[in-house]
Amino acid sequence: MKNLFPHIYIGTLIALIILCGACKKENLDGIKQASLNTPFDLQLSEKVLLKTADRQLKLELRSLNDTRCGDVLPCEHTGNATARVLLSDTDHHAEAETNLCIGRCDEETKTSDTVMVNIDGQKYTIILKRIFGSTDKKAELQVNTN
């Protein structure tokens with residue numbers, strides 16, 4: 001029977017390297033910053049940092065969909081505009097992903113323009129204030145502390 005110690009040692013070392021790489025902090029340099037309780041604009045796939053006294057939050061606009069008529073008249077259906085956002089605490093690795101909706105948000109979509117989320121014991125309210133049409137791929141959002 002061959003000595004398995006070198007293989008076990010190398011396998012353990014590789015596993016530790018992989019685990020350490022997974023724990024590496026995200027580089028937040030160059031991400032724009034905004035203030036809590038204040039509206040800000042965010043492009044599709046863009047991220048923004050929101051700093052509090054004891055936390056650093058990151059909000060990402062993951063998707064936008066706008067089926068409203070806009071300036072087209074006559075408008076046969078009112079439609080809606082939806083956004084999917086991810087709010088995360090960069091230090092505690094806690095996050096919440098949610099959908100927001102403006103316009104005709106019926107029971108099927110089960111969304112609203114205002115959603116409360118819980119991140120690591122702290123409650124935040126995310127508000128979708130406006131979506132700038134179907135071609136701009138930009139939304140006006142606000143995150144409030146509760």
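This is a predicted model, so every value here is computed, not measured. Residue numbers start at 1 and run along the sequence shown.
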(request) Please say whether more than 12 non-hydrogen atoms of neighbouring residues, nucleotides or ligands are located less than 6.0 Å from NZ in Lys32. (result) yes
(message) What's the separation between atom NZ in Lys58 and atom CG in Asp91, rounded to the nearest 0.5 Å?
(response) 11.5 Å
(request) To the nearest 0.5 Å, tell me how far Thr90 OG1 sits from Leu57 CG. (result) 7.5 Å
(request) Drop me the distance from Leu36's CG to Asn144's CG, to the nearest 0.5 angstrom. (result) 7.5 Å
(message) Checking side-chain polar atoms at under 3.5 Å, does Asn146 have a donor or acceptor matched by the opposite partner on Thr125?
(response) yes
(request) Find the distance between CG (Leu100) and NZ (Lys129) and round it off to the nearest 0.5 Å. (result) 12.0 Å
(message) Taking the side chain as everything from C-beta on, heavy atoms only, tell me whether Lys47 gets closer than 4.5 Å to Leu86.
(response) no
(message) Under 4.5 Å between side-chain heavy atoms, counting indirect links through other Ile/Leu/Val/Met/Phe/Trp/Tyr residues: same cluster for Leu128 and Phe40 or not?
(response) yes
(request) State, yes or no, whether a side-chain contact exists between Val48 and Val143 at a heavy-atom distance under 4.5 Å. (result) no
(request) Taking the side chain as every heavy atom from C-beta outward, state whether Glu46 and Lys138 have any atom pair closer than 4.5 Å. (result) no
(request) Give, for atom CD1 of Ile131 and atom NZ of Lys137, the distance between the pair rounded to the nearest 0.5 Å. (result) 9.0 Å
(request) Would you give the length of the straight line joining atom CG of Asp89 to atom OG1 of Thr52, rounded to the nearest 0.5 angstrom? (result) 8.0 Å
